[in-house]
Colleague: 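Handing you this structure, nothing more for now.
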Amino acid sequence: MLIKPSTALRNEYNSISELCKEKQEPIFLTKNGEGDLVVMSIEAYKYREEMLDIREKLLSAEAGRLSGAKTYTVAEVSEKLRGLVDESI
């Protein structure tokens, strides 16, 4: 976990920006010794958002499965995909 005082953001912006990009993880900023902000690169933020979106979809699919939603075997999915590919050719 990377922790910096909030004054570092003002005084060392370029080095903090580079550190965020290099480490691909958030930097926690403190103010008066207490946690205040989290800073991360845009790439790390986008990746985190994509992972959260995938996790949400997986949890939704699992909840559906547990509540009795219809499921498909690998063979059924493969057959359906082959049919879709054959139709588009």
Colleague: Provide the closest heavy-atom pair for R65 versus T71 in the form atom of the first, atom of the second, distance.
Modeller: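 Smallest heavy-atom distance, with atoms named: CG-CG2, 3.8 Å.
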Colleague: Treating Ile, Leu, Val, Met, Phe, Trp and Tyr as nodes and any side-chain heavy-atom pair under 4.5 angstrom as an edge, say whether Y72 and L81 lie in one connected cluster.
Modeller: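 Yes, same cluster.
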Colleague: Taking Y13's backbone N and O only, do any of them form a donor-acceptor pair with S17's side chain (distance below 3.5 Å, no angle check)?
Modeller: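 A pair under 3.5 Å: no.
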Colleague: When you compare the side chain of E49 with that of L52, does any pair of heavy atoms fall below 4.5 Å?
Modeller: yes
Colleague: Of all heavy-atom pairs between C20 and M40, which one has the smallest distance, and what is that distance?
Modeller: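 Between these two residues, the closest heavy atoms are SG-CA, 4.0 Å.
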Colleague: Does any part of the side chain of E62, heavy atoms only, come nearer than 4.5 Å to the side chain of L66, both counted from C-beta?
Modeller: yes
Colleague: Excluding sequence neighbours, so at least two apart, what forms salt bridge (charged side-chain N to carboxylate O under 4.0 Å, His left out) with D53?
Modeller: K57
Colleague: Please check if the side chain of Q24 supplies one atom and the backbone of K21 the other of a donor-acceptor pair under 3.5 Å.
Modeller: yes
Colleague: Is there a side-chain contact between L29 and I27 in this structure, where contact means two heavy atoms from C-beta onward sitting under 4.5 Å apart?
Modeller: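 Side-chain contact under 4.5 Å: yes.
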Colleague: For R48, enumerate each residue passing the side chain to side chain donor-acceptor pair (under 3.5 Å) test, keeping only those at least two apart in sequence or located in another chain.
Modeller: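 Result, side chain to side chain donor-acceptor pair (under 3.5 Å) vs R48: none returned.
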Colleague: Among residues at least two apart in sequence or on other chains, which ones pass salt bridge (charged side-chain N to carboxylate O under 4.0 Å, His left out) with E25?
Modeller: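 So E25 forms no salt bridge (charged side-chain N to carboxylate O under 4.0 Å, His left out) with any residue.
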Colleague: Would a distance-only check, ignoring hydrogens and angles, find a side-chain to backbone donor-acceptor pair under 3.5 Å from S60 to E56?
Modeller: no
Colleague: Would a distance-only check, ignoring hydrogens and angles, find a side-chain to backbone donor-acceptor pair under 3.5 Å from T30 to G33?
Modeller: no
Colleague: Roughly how far, to the nearest 0.5 Å, is CG of L84 from CZ of R82?
Modeller: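 Nearest 0.5 Å value for the CZ-CG distance: 11.5 Å.
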Colleague: Between F28 and K4, is any pair of side-chain heavy atoms under 4.5 Å apart?
Modeller: no
Colleague: Check the surroundings of atom CG in D86: do more than 12 heavy atoms from other residues, nucleotides or ligands lie under 6.0 Å from it?
Modeller: yes
Colleague: Consider only side-chain heavy atoms of I, L, V, M, F, W and Y, link residues closer than 4.5 Å, and tell whether V38 and I16 are in one cluster.
Modeller: no
Colleague: Taking the side chain as every heavy atom from C-beta outward, state whether E12 and T7 have any pair of such atoms under 4.5 Å apart.
Modeller: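 The answer is no, as the side chains (C-beta and beyond) never meet within the 4.5 Å cut-off.
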Colleague: About how many Å separate CG of L9 and CG of D36, when rounded to the nearest 0.5 Å?
Modeller: 10.0 Å
Colleague: With a 4.5 Å cut-off on side-chain heavy atoms, are K23 and L2 touching?
Modeller: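 Heavy-atom side-chain distance check passes, below 4.5 Å.
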